[in-house]
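No experiment lies behind these values; they were computed from the predicted model shown. In what follows, chains carry the letters A, B, and so on, assigned in the order in which the sequence lines appear, proteins first and then strands, with residues in each chain numbered from 1. All values below were derived from every heavy atom in this structure, side-chain atoms included, with hydrogens, water molecules and symmetry-related copies excluded.
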Number of protein chains: 2
Amino acid sequence: MRVSLKDVAEHAGVSVKTVSNVVNKYPHVTPAMREKVQRAIDDLGYRPNLTARHLRKGRTGIIALAVPELGNPYFAELAGDVIDAAAAHDYTVLLDHTQGRRERELLVTQGFQARVIDGLILNPLELEAEDLAAGTGSGPLVLIGERSYDLPYDHIAIDNIAAARTAVRHLLELGRRRIAFLGARGDRPSQPSHLRLLGWQAELAARGVTADEALVAPVEGWDRADGAAAMAALLDAGQRPDAVFAYNDLIAIGAMRVMSERGLRVPEDVAVVGFDDLTEGRYGAVTLTTVAPDKKAIARLAVESIVGRLAGKNDEASRGGDGSGDGDGIGRREGGHSRELRPGFALMERESTLGRAARG
Amino acid sequence: MRVSLKDVAEHAGVSVKTVSNVVNKYPHVTPAMREKVQRAIDDLGYRPNLTARHLRKGRTGIIALAVPELGNPYFAELAGDVIDAAAAHDYTVLLDHTQGRRERELLVTQGFQARVIDGLILNPLELEAEDLAAGTGSGPLVLIGERSYDLPYDHIAIDNIAAARTAVRHLLELGRRRIAFLGARGDRPSQPSHLRLLGWQAELAARGVTADEALVAPVEGWDRADGAAAMAALLDAGQRPDAVFAYNDLIAIGAMRVMSERGLRVPEDVAVVGFDDLTEGRYGAVTLTTVAPDKKAIARLAVESIVGRLAGKNDEASRGGDGSGDGDGIGRREGGHSRELRPGFALMERESTLGRAARG
DNA sequence: ATGAAAGCGCTAACAC
DNA sequence: GTGTTAGCGCTTTCAT
């Protein structure tokens, strides 16, 4: 059934080495020989067994990507970008989702050392620094998303404080003063939304506007329903913000839905800025202004980090000496020091008030 | 630095077989021995090399899923469900997207025979029957999505004609008579939207309503922008439908946006039904009525199809003739005949007119 | 330029 | 119950 290198070699009357040479495009093969072997390959319909190749080379060509939730379009779009970026380096992507649960995140970081993968790109939500400090196995690990851990792994995230400040500045320039922040999580300061909340505070302070903590609305999760609940809670508490900066677009969308239900107009009564630049945000009754992280850059940098460290490991191994004297050098810094990489972002300002003009 | 079975065996002073027995939870091991080996495993931090195991067993525990586009929330959500369904069978998922391009779809079906995967779940958009007829390699292939090919592969899709008829019937019962269909593709009748268009025609005919072909709007793609363009074209052509049945929710959302821009009210002026049950559809200014395919069932059936055929192949091929002699041709059917599986669907009727009540 | 042979790390006969 | 050993299919020195 399954035809192997040896079968091809026998069929062509040559050694396996020669067939291997042809398959791997080794340059020093005579054209005649190459053709003969190629014919045998075609005759038998030979396909190399990648698993065997991987075992031999110690590489699989697969990198894993673990995001919280594919149902969140941000992560879905990011996953698509990672797949494309990986393909550019001849890598395929094993996808997993953690549902933002710490145990699942932990499982991913620990389990992947035994997996058939060369490296892992992880977007943690709940994971703590100490979970990672224990070490994560043999392959390179790169963290994406806004949390910052002081750990020896590459970390890729936009400057969330600056991005949040940009969003809040935009609302201030619109003349708004009671700017709510939707998407705080009370339990731990290291939560994902913390940096954006910090940005909100910093920008208000810089402009001399009082940061009213009553306008900070906590959320249970990061989806539309959570945004709706947060906005409803805010309004039920008697707050009347004139602007909303939401942790992400989904929360903003949920909040806008509630405002619509309660007869508040966006942006006249309440201006809204989200985060993530979901396509979805462009097609509501009101086009959502949003902070747009450069997803493609994030994806590309993450993949390049993995690929680079893999290559670095190779160089180091083949050269023997040199290296920065990192004894066991497994898992951590195996191709240079860890880096903080900062892709760009942009404020997509497009809070158009559709429908009104057309209606006259 | 990688510690292997042999290292553990030496460290524990036993044979590799014994270590392997412990690792694989082989029952007939004395507790004392088991503990001794386990300690050696812990001491050395041994992790089994899955690649080697895979090579040996001929299985990788990985199935591939290829969808058109992760940016489409329907496919993103489906991918999440497939990952969960696969995890229930101890499989992981390699994800790819074809961008709905025939060459990419073809590449996936052909390339996967050489991949490190046990099977493939493919949602084709452009692929033709003859592309698949050529054969696809060694592992099981299962097709999902509405296209029907008369080919020996399992195929999983809801009854699209019945689902479309349900949607149109709903609009007819609302008293609408000029029901547009958004999402036709003129080029080939085997295109994805064909069955839904058929359902539209069939239901109108059954109710004695003239199917006005001028109300059938073609699209370039399946995204929001395509729905917006199609709706705009329809209106620009002077058509005034009182209802819209869209091929999917994204097209419906794009169309609603255009209606909003032109002062048409949903659902008063134009009632809308979409398809896919995206969460997004529940959070617009108007909650979108939609046909909801049972995504989890689709995912589960697809995974079970692969897993089942893999198991079947095992039973059949347990006589692995090696060495001398003529290899008796191992047949094509590897686990039973191909099946058509039909998960359910439901009409999610929730075209509420929010905002008015609250405002009134 | 091509061939012979030694494993990569693991599992599963088959012995003891 | 535990040890020995032969490969899974491939790449890769080391010869020739």
Side-chain angles (χ1 to χ4, degrees), chain A residues 1-38 40-41 44-61 113-116 118 138 314 317-318, chain B residues 1-38 40-41 44-61 113-116 118 138 314 317-324:
Chain A
M1 183 182 81
R2 195 74 170 162
V3 15
S4 76
L5 256 197
K6 206 171 88 182
D7 299 328
V8 176
E10 282 169 11
H11 189 84
V14 299
S15 79
V16 290
K17 173 64 161 72
T18 304
V19 181
S20 177
N21 282 342
V22 171
V23 170
N24 293 296
K25 307 194 196 321
Y26 181 68
H28 303 293
V29 185
T30 58
M33 180 63 81
R34 183 180 301 280
E35 194 183 339
K36 184 165 76 174
V37 171
Q38 188 56 53
I41 288 175
L44 271 44
Y46 168 74
R47 292 286 150 191
N49 179 325
L50 287 242
T51 305
R53 179 178 293 175
H54 295 161
L55 173 59
R56 183 60 229 230
K57 303 182 72 156
R59 296 277 189 80
T60 63
Q113 56 193 342
R115 286 236 158 287
V116 248
D118 292 341
S138 51
N314 243 16
S318 57
Chain B
M1 275 306 128
R2 193 78 175 158
V3 11
S4 75
L5 256 197
K6 207 171 87 180
D7 299 328
V8 177
E10 282 169 10
H11 188 83
V14 299
S15 80
V16 288
K17 175 62 161 71
T18 304
V19 181
S20 177
N21 282 341
V22 172
V23 170
N24 293 295
K25 307 194 197 321
Y26 181 68
H28 304 293
V29 186
T30 58
M33 180 62 83
R34 183 181 301 281
E35 194 184 337
K36 184 165 76 173
V37 171
Q38 188 57 52
I41 288 175
L44 270 44
Y46 167 75
R47 293 286 151 191
N49 179 327
L50 287 241
T51 304
R53 181 177 290 175
H54 294 161
L55 173 59
R56 184 59 230 231
K57 303 182 73 156
R59 294 278 190 80
T60 62
Q113 56 192 342
R115 287 234 159 286
V116 245
D118 291 341
S138 50
N314 235 19
S318 49
R319 295 290 122 231
D322 65 337
S324 63

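For the atom pair OG1 (Thr30(A)) and NZ (Lys36(A)), the distance works out to 8.5 Å, reported to the nearest 0.5 Å. Atoms CZ and OG1, on Arg56(A) and Thr51(A) in that order, are 15.5 Å from each other to the nearest 0.5 Å.
The shortest side-chain heavy-atom distance between Val14(A) and Val37(A) falls under the 4.5 Å cut-off. Put simply, the side chain of Val23(B) reaches to within 4.5 Å of the side chain of Arg53(B), judged on heavy atoms.
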N/O to N/O distances under 3.5 Å, protein versus nucleotides 11-15 of chain D:
unit_1  : atom_1 : unit_2   : atom_2 : d
dT11(D) : OP1    : Asn24(A) : OD1    : 3.4
dT11(D) : OP1    : Arg53(A) : NE     : 2.5
dT11(D) : OP1    : Arg53(A) : NH2    : 3.1
dT11(D) : OP2    : Ser20(A) : OG     : 3.3
dT11(D) : OP2    : Asn24(A) : ND2    : 3.4
dT11(D) : O2     : Arg56(A) : NH1    : 2.6

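Across the helix from dA1(C)-dT16(D) to dC16(C)-dG1(D), the helix axis at one end is tilted relative to the axis at the other end by 40° (nearest 10 degrees, each axis from five pairs).
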What side-chain donor-acceptor pairs closer than 3.5 Å can you find for residues 5-12 of chain A, not counting sequence neighbours?
unit_1   : atom_1 : unit_2   : atom_2 : d
Asp7(A)  : OD2    : Ser4(A)  : N      : 2.9
Asp7(A)  : OD2    : Ser4(A)  : OG     : 3.4
His11(A) : NE2    : Asp43(A) : OD2    : 3.3

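Using a distance-only test at 3.5 Å, with no hydrogens or angles considered, no donor-acceptor pair links the side chain of Asp118(A) to the main chain of Arg59(A). Between the side chain of Thr60(A) and the main chain of Val116(A), a donor-acceptor pair closer than 3.5 Å is present.
Using a 4.0 Å cutoff to heavy atoms of chain B, the contacted part of DNA chain C runs 5' to 3' from dG9(C) to dA13(C).
Only one option out of Asn24(A), Val16(A), Val22(A) pairs with Ser20(A) in a side chain to side chain contact (heavy atoms under 4.5 Å, CB included); it is Asn24(A).
Using a 4.0 Å cutoff on non-hydrogen atoms, the parts of residues 29-38 of chain B near DNA chain D are Val29(B), Thr30(B), Met33(B), ordered by number.
Heavy atoms only, all atoms of each residue included: Arg34(A) and Lys25(A) are closest at NH1-CA, 4.4 Å. Closest heavy-atom contact between Leu55(A) and Ala52(B): CD1-CB, 3.7 Å.
Spacing between atom CD of Glu10(B) and atom P of dG3(D) amounts to 13 Å, rounded to whole angstrom units.
Ser15(A) pairs by the side-chain contact (heavy atoms from CB on, under 4.5 Å) definition with Lys17(A), Thr18(A), not counting sequence neighbours.
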